[in-house]
Asks: 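Below you will find the structure I want to go over with you.
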Amino acid sequence: QHRRCELFLFPPFCNTLNGLFLTIYRLLHAKRTFHASQQCSAPLPPLPEKPGQVRYGLIPEEFFQFLYPKTGVTGPYMLGTGLLLYLLSKEIYVINHETVAGASILAVLIYVIKKYGATVAAFADKLNEEKIASALAVKNDAIKDLETAIEQEKKEQWRVEGRSYLFDAKRNNIAMLLEANYRERLLTVYNEVKKRLDYQVAMQHLKRQKEQDHMIQWVEKNVVQSITPQQQKESIAKCIIDLKALSKSAHATA
Amino acid sequence: MTLTLFDQFSSPQLLGIPLILISMLFPTLLLPSPNNRWITNRTSTLQLWAIKLTTKQLMLPLNKPGHKWTLILLSLMVMLLMTNLLGLLPYTFTPTTQLSMNMALAFPLWLGTILIGLRNQPSISLGHILPEGTPTPLIPALILIETISLAIRPLALGVRLTANLTAGHLLIQLISTATMALLYIAPAISIIVSSILLLLTILELAVAMIQAYVFVLLLSLYLQENI
């Protein structure tokens, strides 16, 4: 990929600048020379577990290993001390206010890294873990859903076996419903017919009663009419004599 | 070599060859290069997390056309952050201490927001000059004041960044000079002063990050008004 140079002032300057950018870019991203080597993108080689071992946060272990055969364990330290003293004594490195400022920023940086380094690393690891976990969760959820679907399918297949019983039961149910409905209607018909017949019977009774009552009334009326005053007097006297006799017998017994 | 207090602000050069461009591009070397992995190493993961967080914070208030500005604003912020943080190391040159660079960053971006506003919604853009609910007699004075405040924004942006960083760097230099000078006269006071220096360094670290964020946040606010 080419980075475009935004300085439109001088074409030759632009070309050299473009060349400079390209060189810097190629130096920085040298590992992306895809077309120039046998590199294959997938599967990617796994990331190393630990970063390169460093001593004092700056100097790689390989340097110490490199000097070990000739100068032993203290070799690199002697080299470092000697170099430092040489630079200081020859005033190649001058101690001025920047040294103090540098020392203070170094102190702050080292403090921050020592205190929060592990936390930040754990946080980064947690981010990665969450990413992996969410992808795994998708896969596991899909698997679980499919397994549930399989179980439900098996249950449906088992249900199919009992289908004939279900249909028989349903048929029986419907037959019972029909029968009940028929009997209900039969009962309704019976009740209706009975009501009508009862009505006719009641009508006949009423007529009979009325006739009887009328006849009794007519008979009574005629009898009362036929009682003459003479007969009335005689019957009253007889009643009085009877009453006297009765009272006499009542007195005798009492 | 004896340094004066202002040598750190002079444009870097090597035998007359200006190195300003390299010093401006240097911070990009600190950023991890994009990886074609799904699970990256810790640095890339943290960088991705931080950029996602800031992008969401910065770009949510903007509407859809405003999201076109995401790339420029985020890359500006990352560049300012890295430049400011690198400038805290000794013997480094911080490009953002130069007013020229900060004005070159602030002015075109601010002008861009203004022009977008005037082009797409001129009445709303101009309407920002008068706040709602001002009493009528105050209107002329307020319009003048608001116009001046609008015009002074790029200046404020640039100068804020420059001043904060320059002042911080200068203070660090001054206090470390004081520490060094007092070391032979009164070592106890020197230790006190060096503790002040430590606190100041922590402040400068914070300021470096905050100023980068504030620069980009204000630009996004100006964009919000106009887009």
Side-chain angles (χ1 to χ4, degrees), chain A residues 1 3 5 7 13 16-17 20-21 24-25 27-32 34 39 41-51 91-109 111-112 117-135, chain B residues 1-5 7-8 21-22 25-26 28-29 31-50 52 85 87-92 169 171-183 190 193-206:
Chain A
Q1 283 174 355
R3 287 276 162 88
C5 161
L7 282 170
F13 184 61
T16 48
L17 213 58
L20 179 68
F21 284 172
I24 293 179
Y25 184 76
L27 281 171
L28 293 178
H29 298 279
K31 55 180 176 279
R32 292 224 264 144
F34 200 98
Q39 281 174 329
S41 209
L44 281 172
L47 282 175
E49 279 276 335
K50 297 166 132 280
E91 294 252 317
I92 297 175
Y93 177 72
V94 178
I95 294 195
N96 43 25
H97 59 269
E98 292 268 17
T99 316
V100 180
S104 92
I105 186 86
L106 203 67
V108 170
L109 279 176
Y111 173 75
V112 167
T119 327
V120 170
F123 177 70
D125 285 338
K126 188 169 73 91
L127 284 174
N128 279 345
E129 286 297 314
E130 277 171 13
K131 219 170 158 185
I132 297 179
S134 67
Chain B
M1 56 186 187
T2 41
L3 289 174
T4 68
L5 281 173
D7 267 338
Q8 60 177 323
L21 206 56
I22 301 181
L25 296 174
F26 194 74
T28 56
L29 289 176
L31 299 171
S33 44
N35 226 338
N36 55 351
R37 288 173 178 273
W38 180 49
I39 300 286
T40 48
N41 51 0
R42 284 174 183 164
T43 330
S44 295
T45 314
L46 285 170
Q47 181 204 23
L48 187 65
W49 167 82
K52 242 193 246 181
L85 283 175
L88 290 169
L89 298 171
Y91 300 107
T92 45
H169 284 231
L171 263 176
I172 288 182
Q173 305 304 324
L174 282 169
I175 296 192
S176 35
T177 316
T179 317
M180 255 189 50
L182 283 173
L183 199 57
S190 176
V193 176
S194 67
S195 65
I196 295 181
L197 182 60
L198 275 173
L199 292 171
L200 189 67
T201 316
I202 298 172
L203 178 71
E204 280 310 305
L205 270 170

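So you know, we letter chains A, B, ... as the sequences are listed, proteins then strands, and number each from 1.
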Asks: Taking B:S44 for its side chain and B:N41 for its backbone only, find out whether a donor-acceptor pair lies under 3.5 Å.
Replies: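 Checking the backbone N and O of B:N41 against the side chain of B:S44, no donor-acceptor pair under 3.5 Å is found.
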Asks: Relative to chain B, which of A:D125, A:N128, A:V112 shows the most heavy atom pairs under 4.5 Å?
Replies: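 Of A:D125, A:N128, A:V112, A:N128 has the most heavy-atom pairs under 4.5 Å with chain B.
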Asks: Select one option (side chain, backbone, both, neither) describing which atoms of B:L200 are under 4.5 Å from chain A's heavy atoms.
Replies: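 For B:L200, neither part sits under 4.5 Å from chain A.
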Asks: Between B:H169 and B:G87, which heavy-atom pair has the shortest distance, and what is it?
Replies: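 Heavy-atom minimum between the residues: CE1-O, 3.0 Å.
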Asks: What part of B:T179 is in contact with chain A, defined as an atom under 4.5 angstrom from a non-hydrogen atom: side chain, backbone, both or neither?
Replies: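 Just its side chain gets close to chain A.
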Asks: If you count the non-hydrogen atoms of other residues, nucleotides and ligands that lie under 6.0 Å from OH in A:Y111, is the total more than 12?
Replies: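 Result for OH/A:Y111: open.
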Asks: Does any heavy atom of chain B fall under 4.5 Å from the side chain of A:I132, the backbone, both, or neither of them?
Replies: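 Contact with chain B: backbone and side chain both.
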Asks: If every non-hydrogen atom of A:V94 is compared with every non-hydrogen atom of B:Y91, which pair is closest and at what distance?
Replies: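 For A:V94 versus B:Y91, the nearest heavy atoms are O-OH, 3.6 Å.
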Asks: Is any side-chain heavy atom of B:Q173 closer than 4.5 Å to a side-chain heavy atom of B:P90?
Replies: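 No - every pair of side-chain heavy atoms lies 4.5 Å or more apart.
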Asks: Ignoring hydrogens and geometry, is there a side-chain-to-backbone donor-acceptor pair from B:T28 to B:L25 under 3.5 Å?
Replies: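 Yes; judged by distance alone, with no hydrogens or angles, the pair exists.
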Asks: Of all of B:T177, B:T43, B:L205, which one pairs up most often with chain A through heavy atoms under 4.5 Å apart?
Replies: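 Between B:T177, B:T43, B:L205, the count favours B:T177.
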Asks: Please look at A:F123 and chain B and tell me whether the side chain, the backbone, both or neither of the residue comes under 4.5 angstrom of a heavy atom of that chain.
Replies: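 Contact with chain B involves the side chain of A:F123 alone.
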Asks: Between B:L89, B:I172, B:L198, B:L5, which has the largest tally of heavy atom pairs under 4.5 Å with chain A?
Replies: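 Most heavy-atom pairs within the cutoff with chain A belong to B:L198.
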